[in-house]
Undergrad: 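Below you will find the structure I want to go over with you.
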Amino acid sequence: MKAALMYGPSDIRIEEIPKPECPEGGFILKVMAIGLCGSDIRNLTTDSRKGKYPHVYGHEIVGVIDEVSPTTEKYKVGDRIYVYPVDHCLKCEPCRSGHSEMCENGGDYTGRQGGFADYYAVTKQQVERDSVFYIPDGVSYESASLGEPLSSVYACQDNINVTFRDVIVIIGAGPIGCFHAQLAKMRGAKKVIMIEINDKRLEMAKQFGVDETINSEKEDPIEAVMRYTGGKGADKVISANPSTKAQGQALFMARKGGLVVFFGGVAKGALTELDTNIIHYNGLWIYGHYGANSLQVQKSFELVVSGDFPTDKFITHVLPLSQINEGIHLTRTGEAIKVVLLPNEDEQR
């Protein structure tokens with residue numbers, strides 16, 4: 001089968017490798033579409049595996065079952081499937097307390113072969129846990145692939161209760177920032193303010209319900225937020241980018257008693273300077289968000305396939321897997337919102 005093998009930072013090659021064997025109790029998925037995630041790009045362009053190459057990444061996986069283990073009873077060849085990358089054990093203390101995103105025994109999706117390939121092996125453990133979902137008839141594979149990136153956004157806004165009449169600031173107009181804008185509007189937010197350094201991304205973000213845009217390289221983003229909020233600040237500020245500077249600035253954009261979310265991870269070892277007096281005297285809540293619990297994974301996927309979430313507006317580029325390097329370039333330059341790759345591009349979708 002064809003696969004995009006990473007041999008080192010930004011060294012990604014399309015090569016032929018053996019098709020995986022069908023695991024006992026699992027199945028083989030023919031990958032029909034796979035999203036190109038920001039974390040994939042970070043892993044593919046850095047020494048993410050400390051020299052342990054080659055490796056196949058990719059975790060926003062949807063496809064059709066090509067082969068089933070004789071001991072797998074629930075699934076059959078031809079089933080259209082979405083696979084959430086982390087299989088939660090649902091037995092550890094975090095899982096049982098409703099925080100399966102912090103599962104102590106979750107599957108290692110970055111360690112096993114990923115979905116930037118023609119075929120992907122779904123293990124017995126994944127089948128028996130909470131990772132596998134049917135894609136309804138009439139829903140495209142491309143649309144269904146947005147279930148995974150939306151899950152963390154959905155979980156974040158569920159946890160902080162973005163609601164009617166909220167004023168929301170989002171720092172970062174990448175795919176995740178745009179998901180946040182669209183979902184905030186769907187949840188009833190009164191005003192969404194987007195901050196970004198790329199004018200092209202800011203312009204594209206307007207189609208997702210963004211009311212005001214701020215280029216933080218051209219004007220002071222804190223002053224601009226205060227101007228747009230009548231000097232009060234926002235109810236909730238979401239830093240959806242890898243910048244420590246943005247995290248520090250976010251505190252000054254929130255109203256008294258407001259909430260600041262550190263959604264985007266920063267580089268390992270990077271430290272953010274926080275004015276704790278602002279946190280203390282303004283009574284701010286600081287929330288670090290990561291992942292989604294099992295139920296939120298299900299609900300976000302149901303939203304994607306319902307037709308209520310405008311997936312077509314987010315998917316700006318659909319490319320064959322062989323053009324993965326082009327997809328990385330389009331995403332990093334801001335020309336693309338969401339790139340979806342088609343490993344089996346010659347197949348009927």
Side-chain angles (χ1 to χ4, degrees), residues 35 37-43 46 48-50 57-61 82-112 114-115 122-133 146-162 170-172 174-177 179-180 183-184 187 236-244 246-247 250 259-272 274 279 284-304:
C37 177
S39 65
D40 289 324
I41 293 174
R42 182 176 64 249
N43 285 332
T46 64
S48 56
R49 293 182 59 80
K50 309 300 181 186
Y57 276 113
H59 63 274
E60 298 179 1
I61 304 168
Y82 155 61
V83 183
Y84 185 70
V86 182
D87 45 287
H88 307 123
C89 76
L90 306 180
K91 294 180 179 180
C92 66
E93 185 173 338
C95 281
R96 288 185 290 113
S97 67
H99 290 283
S100 47
E101 72 277 11
M102 300 295 174
C103 179
E104 296 172 348
N105 308 299
D108 179 16
Y109 72 92
T110 59
R112 58 195 176 210
V122 178
T123 67
K124 179 180 180 181
Q125 178 171 289
Q126 289 171 282
V127 168
E128 291 180 344
R129 288 185 171 183
D130 60 344
S131 293
V132 181
F133 300 84
L146 296 193
E148 196 284 330
L150 181 62
S151 63
S152 189
V153 173
Y154 179 94
C156 175
Q157 296 199 18
D158 185 32
N159 292 350
I160 67 174
N161 191 31
V162 171
I170 301 164
I171 310 176
I176 294 299
F179 281 150
H180 269 297
L183 190 59
R187 294 178 65 98
K236 284 138 190 172
V237 181
I238 302 171
S239 182
N241 63 83
S243 167
T244 57
Q247 289 181 340
L259 190 150
V260 175
V261 181
F262 295 156
F263 187 97
V266 301
K268 287 185 178 181
L271 300 178
T272 300
L274 299 178
I279 298 172
L284 298 182
W285 290 84
I286 310 297
Y287 169 59
H289 181 80
Y290 173 77
N293 69 35
S294 185
L295 186 57
Q296 290 166 335
V297 168
Q298 177 183 330
K299 287 185 174 181
S300 61
F301 180 63
E302 289 173 351
L303 175 59
V304 159

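Side chains are part of it too, since the values below use all heavy atoms of this structure and drop only hydrogens, waters and symmetry mates. Just so it is clear, the structure is predicted and the values come from calculations on it, not from any experiment.
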Undergrad: Is it true that Gln126 and Thr123 share a donor-acceptor pair across their side chains at a distance under 3.5 Å?
TA: yes

Undergrad: Atom CD1 in Ile170, atom CD1 in Ile176: separation rounded to 0.5 Å?
TA: 11.0 Å

Undergrad: Please give me the minimum heavy-atom distance between Ser100 and Leu90, naming the atom from each residue.
TA: CB-CD2, 4.3 Å

Undergrad: With ring centroids as reference points, do Phe301 and Tyr82 lie under 6.0 angstrom apart?
TA: yes

Undergrad: Would you say the side chains of Ser239 and Gln247 form a donor-acceptor pair under 3.5 Å?
TA: no

Undergrad: Mark yes or no for whether Asp158, through its side chain, and Ala155, through its backbone, hold a donor-acceptor pair below 3.5 Å.
TA: no

Undergrad: For Asn43, enumerate each residue passing the side-chain hydrogen bond (donor to acceptor under 3.5 Å, both in side chains) test, keeping only those at least two apart in sequence or located in another chain.
TA: none

Undergrad: Say you draw a straight line from OG of Ser152 to NE2 of His180; how long is it, rounded to the nearest 0.5 Å?
TA: 7.0 Å

Undergrad: Between Tyr287 and His289 (judged by ring centroids, cut-off 6.0 Å), do the two rings come close enough to count as a pair?
TA: yes

Undergrad: Is the backbone of Gly98 close enough, under 3.5 Å, to the side chain of Asn293 for a donor and an acceptor to pair up by distance?
TA: yes

Undergrad: Given side chains that start at C-beta, do those of Val122 and Val132 come closer than 4.5 Å, heavy atoms only?
TA: yes

Undergrad: Output yes when Asp87 and Arg112 qualify as a salt bridge under the 4.0 Å nitrogen-oxygen rule, no when they do not.
TA: yes

Undergrad: Who are the side chain to side chain contact (heavy atoms under 4.5 Å, CB included) partners of Thr46, not counting sequence neighbours?
TA: Ser48

Undergrad: Could I get the full list of side chain to side chain contact (heavy atoms under 4.5 Å, CB included) partners for Ser300, not counting sequence neighbours?
TA: Leu150, Ser151, Tyr154

Undergrad: Does the Asp130 side chain pair with the main chain of His88, one donor and one acceptor, at a distance under 3.5 Å?
TA: yes

Undergrad: Quick check: closest heavy atoms across Gly107 and Arg129, and the distance to 0.1 Å?
TA: N-NH1, 4.1 Å

Undergrad: Examine distances only and state if a side-chain atom of Ser243 and a backbone atom of Ala246 form a donor-acceptor pair shorter than 3.5 Å.
TA: yes

Undergrad: Do Asn159 and Gln296 meet the criterion of a side-chain donor-acceptor pair at a distance under 3.5 Å?
TA: yes

